[in-house]
Protein chains: 2
Amino acid sequence: MKYAMIGTWRMAYEAIANNIDQLKQSTAPGAALVQAIVEVENYPYFKSVGYGGLPNQECEVELDAAFMNGSTLAIGAIGGVKNIKNPIKLAHHLSQEKFNSFLVAAGAEKYAQQQGFEFTNMLTKRAQQHYQKKLDLLRSDPTLSPYDGHDTVGMVSLDSQNNLCVGTSTSGLFMKKPGRVGDSPVMGSGFYADSEVGGAVATGLGEDIYKGCLSFLVVEKLRQNFDVKTVVQEVVKEFNDKLIQKYGKCGPISIVALDKNGEYGVGTNCEFSFVVGNHNQVTTIYLAQPNEDLTKLTITKPSPKWLADYDRARKEPIK
Amino acid sequence: MKYAMIGTWRMAYEAIANNIDQLKQSTAPGAALVQAIVEVENYPYFKSVGYGGLPNQECEVELDAAFMNGSTLAIGAIGGVKNIKNPIKLAHHLSQEKFNSFLVAAGAEKYAQQQGFEFTNMLTKRAQQHYQKKLDLLRSDPTLSPYDGHDTVGMVSLDSQNNLCVGTSTSGLFMKKPGRVGDSPVMGSGFYADSEVGGAVATGLGEDIYKGCLSFLVVEKLRQNFDVKTVVQEVVKEFNDKLIQKYGKCGPISIVALDKNGEYGVGTNCEFSFVVGNHNQVTTIYLAQPNEDLTKLTITKPSPKWLADYDRARKEPIK
């Protein structure tokens, strides 16, 4: 029996470890993945996803999310949505609609109200402090870029019935303009899955990821029988180089993928942590580090110090 | 010298005929395409684009649009936006932003205000009458589908400097839910361009088009040296069949494409009119009709009667 789950960033660890066993049973496709993303959304110390996510330039938390079932190609997506407790649940629900399955902003909120979804103020005290600190920094040095923090949680799951599903959830770019939508709810860019082939999700600078439809491109490469273990890094390198040549620069881009056999692959142009578990191995955190020209990726288990630093950075008081 | 412009639906004709000569000169990439789409947006009798577009289920006109420069891969896009006179101008403007280049709903409207864009009430008397008539129909027969009318204007242009650009603009699905976004502003689904290869735009049921990232897929096929004259129909047929198999049905889908040499291709699973002009031929309206299993496409010039019927259907009183 094959099953697997992979997620972006160290933050996916507990959620995947808690839910991966569901993939052994015959449940609704995507149920384990949705539950895992809900757990990441609910954890207040992850500052780029769900509750505790960092706000836009007007200090409002706006959320993007998507879900795709690779067996039916059904998709649900939301962009620029406020006060929804679990964006991934709304996206999953929308994937059951034949029409109107990508909803944004006030329209998405109205739909969520009508469907009985839970609302809550997603702005935490800590996120407010981050916002204030950033404002102060920008006032003291207006040459600083206001934008950072775009660590989308994205997951791909393969269950024992051969269903590949993908999901994403994020509060997007810190200090973004109101109404800004990144790659996370954009089909083919932030996510794509086809159970006959594979699934992929992306994290990084959405404005660059969607210039290359990178999740769809990874799945197309798997369709052409490229090896998931190497092709994801090749896709990232090729696009990184192309964007620098054509556009002048390329922001951070990281992608995780599963093929239909539960083998996984990773590609990144920056240091990138990810989490994977499958029928062969217990859920594990890894750290991927590309070399300078992106031709090689070194994957290691992070040191206890790295893990402690990660945890401390998320919890220490904001000065 | 090579140049070409192709657009979806008969409605693109006057706009392409008026602007195609600009492509011979060295102007800003996309200038002719943006101006052509503006002309379609401004024409009040086209009921699925810009002024005169049909409203959502709350009788509000909500607009989607996008622009992509295939030489830089710069993209601007808007979704679910109200009261913007020319959505394509706003999308084009956003393509010059490095961050926040896909904006939706109130956030996009705020940005447009700040940037001095023209606002107007996009709901015409005639669109209101269509809405009222549809409401009456749905009351008399609740089994009818409320959804129709999704004739996005999409164009691809190749200028004499070898810049391929694409643009889309639509009021989306008639009677859609507030906040619904279709494929038109979704990168890779409604549009994609790479000046080294080709460009494509789609029209039809967005909820199905974005399940297959069809514009990006067409451009990828051109990258693999498939012939634009035949590959677009092959892409549509293959996806149509796949979606029926996996999802149970497939809505209308039509795609037009140009390759980097200005050759064009079309694919559709329904009767579809389009407009093309290039260095070899004057701007012309064509009608594409697939056979039942979508393996063959018959392309003809529409009869005078077809053209007169098209015009009358858009202008006759609504009873």
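Values below: every heavy atom of this structure, side chains too, minus hydrogens, waters and symmetry copies. Numbers restart at 1 for each chain; the letters A, B, ... are given by sequence-line order, proteins then strands.
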Novice: Checking Ile78(B) against chain A: side chain, backbone, both or neither under 4.5 Å from a heavy atom?
Specialist: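 Nothing of Ile78(B), per the 4.5 Å heavy-atom cut-off to chain A.
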Novice: Shorter than 4.5 Å, heavy atoms on both sides: which option in Pro178(A), Ala77(A), Cys213(A), Gly188(A) has the most such pairs with chain B?
Specialist: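 Ranked by contacts with chain B, first place is Cys213(A).
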Novice: Which heavy atom of Thr72(B) sits nearest a heavy atom of Tyr247(A), and at what distance?
Specialist: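 Closest heavy-atom pair between Thr72(B) and Tyr247(A): O-CD1, 3.3 Å.
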Novice: At under 4.5 Å between heavy atoms, what parts of residues 198-207 of chain B are in contact with chain A? List them by residue number.
Specialist: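 Those residues of residues 198-207 of chain B which have a heavy atom under 4.5 Å from chain A are Leu205(B), Glu207(B).
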Novice: With sequence neighbours left out, which residue pairs that include part of residues 61-70 of chain A fulfil the side-chain hydrogen bond (donor to acceptor under 3.5 Å, both in side chains) condition?
Specialist: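 Qualifying pairs: none.
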Novice: Heavy-atom pairs under 4.5 Å with chain A - which of Pro185(B), Gly248(B), Gly251(B), Gly212(B) has more of them than the others?
Specialist: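 Highest number of heavy-atom pairs under 4.5 Å: Gly212(B).
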Novice: Please classify the contact of Leu243(A) with chain B as side chain, backbone, both or neither, using a heavy-atom distance under 4.5 Å.
Specialist: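 The side chain, not the backbone.
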Novice: Can you label the angle between the Phe99(A) ring and the Tyr147(B) ring as parallel, tilted or perpendicular, going by 30° and 60°?
Specialist: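 Ring orientation of Phe99(A) relative to Tyr147(B): tilted.
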Novice: For atom NZ of Lys260(B), decide whether the heavy atoms of other residues, nucleotides or ligands shown that lie under 6.0 angstrom number more than 12.
Specialist: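 Count not over threshold, so no.
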Novice: With distance as the sole test, does Asn100(A) use its side chain to make a donor-acceptor pair with the main-chain N or O of Arg180(B) at under 3.5 Å?
Specialist: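 Looks like no, no N/O pair under 3.5 Å.
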Novice: Can you tell me which portion of Phe239(B) sits under 4.5 Å from chain A's heavy atoms? Options are side chain, backbone, both or neither.
Specialist: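 Answer is side chain: those atoms of Phe239(B) sit under 4.5 Å from chain A.
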Novice: Between chain B and each of Val104(A), Asp183(A), Leu103(A), count heavy-atom pairs under 4.5 Å; write down the option with the most.
Specialist: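 Of the candidates given, the most pairs with chain B belong to Val104(A).
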Novice: With a 4.5 angstrom heavy-atom cut-off, is it the side chain or the backbone of Gln224(A) that approaches chain B, or both, or neither?
Specialist: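 Just the side chain, heavy atoms under 4.5 Å.
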Novice: For the CG atom of Leu73(B) and the SG atom of Cys250(A), what is their distance to the nearest 0.5 Å?
Specialist: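 With rounding to 0.5 Å, CG (Leu73(B)) is 10.5 Å from SG (Cys250(A)).
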Novice: Give, for atom CG of Leu94(A) and atom NZ of Lys177(B), the distance between the pair rounded to the nearest 0.5 Å.
Specialist: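 With rounding to 0.5 Å, CG (Leu94(A)) is 9.5 Å from NZ (Lys177(B)).
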Novice: Side chain, backbone, both or neither: which part of Ser101(B) has a heavy atom under 4.5 Å from chain A?
Specialist: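 Backbone plus side chain of Ser101(B), per the 4.5 Å heavy-atom cut-off to chain A.
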Novice: Which class fits the ring pair Phe216(A) and Phe216(B): parallel under 30°, tilted 30 to 60°, perpendicular over 60°?
Specialist: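 Because their plane-to-plane angle is over 60°, the rings of Phe216(A) and Phe216(B) count as perpendicular.
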Novice: Can you tell which of Ala74(B), Ser189(B), Gly80(B) has the highest number of heavy-atom pairs within less than 4.5 Å of chain A?
Specialist: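 Highest number of pairs under 4.5 Å: Ala74(B).
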Novice: Report the option among Gln245(A), Met68(A), Glu97(A), Glu58(A) that has the most heavy-atom pairs separated by less than 4.5 Å from atoms of chain B.
Specialist: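 Highest number of heavy-atom pairs under 4.5 Å: Glu58(A).
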Novice: Side chain, backbone, both or neither: which part of Lys242(B) has an atom under 4.5 Å from a heavy atom of chain A?
Specialist: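 Looking at Lys242(B), just its side chain touches chain A.
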Novice: Should the heavy atoms of other residues, nucleotides or ligands under 6.0 Å from CD of Glu238(B) be counted, would the total exceed 12?
Specialist: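 Not more than 12 within 6.0 Å, no.
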Novice: Heavy-atom distances under 4.5 Å only: say whether Lys98(A) touches chain B with side chain, backbone, both or neither.
Specialist: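 Both parts, backbone and side chain.
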Novice: Just checking heavy atoms, which of residues 105-119 of chain A are less than 4.5 Å from chain B?
Specialist: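 Result: Ala105(A), Gly107(A), Ala108(A), Lys110(A), Tyr111(A).
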Novice: Can you name the residues that form a salt bridge (Lys or Arg N to Asp or Glu O under 4.0 Å) with Lys211(B), not counting sequence neighbours?
Specialist: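 If we apply the salt bridge (Lys or Arg N to Asp or Glu O under 4.0 Å) test to Lys211(B), skipping adjacent residues, the hits are Asp208(B).
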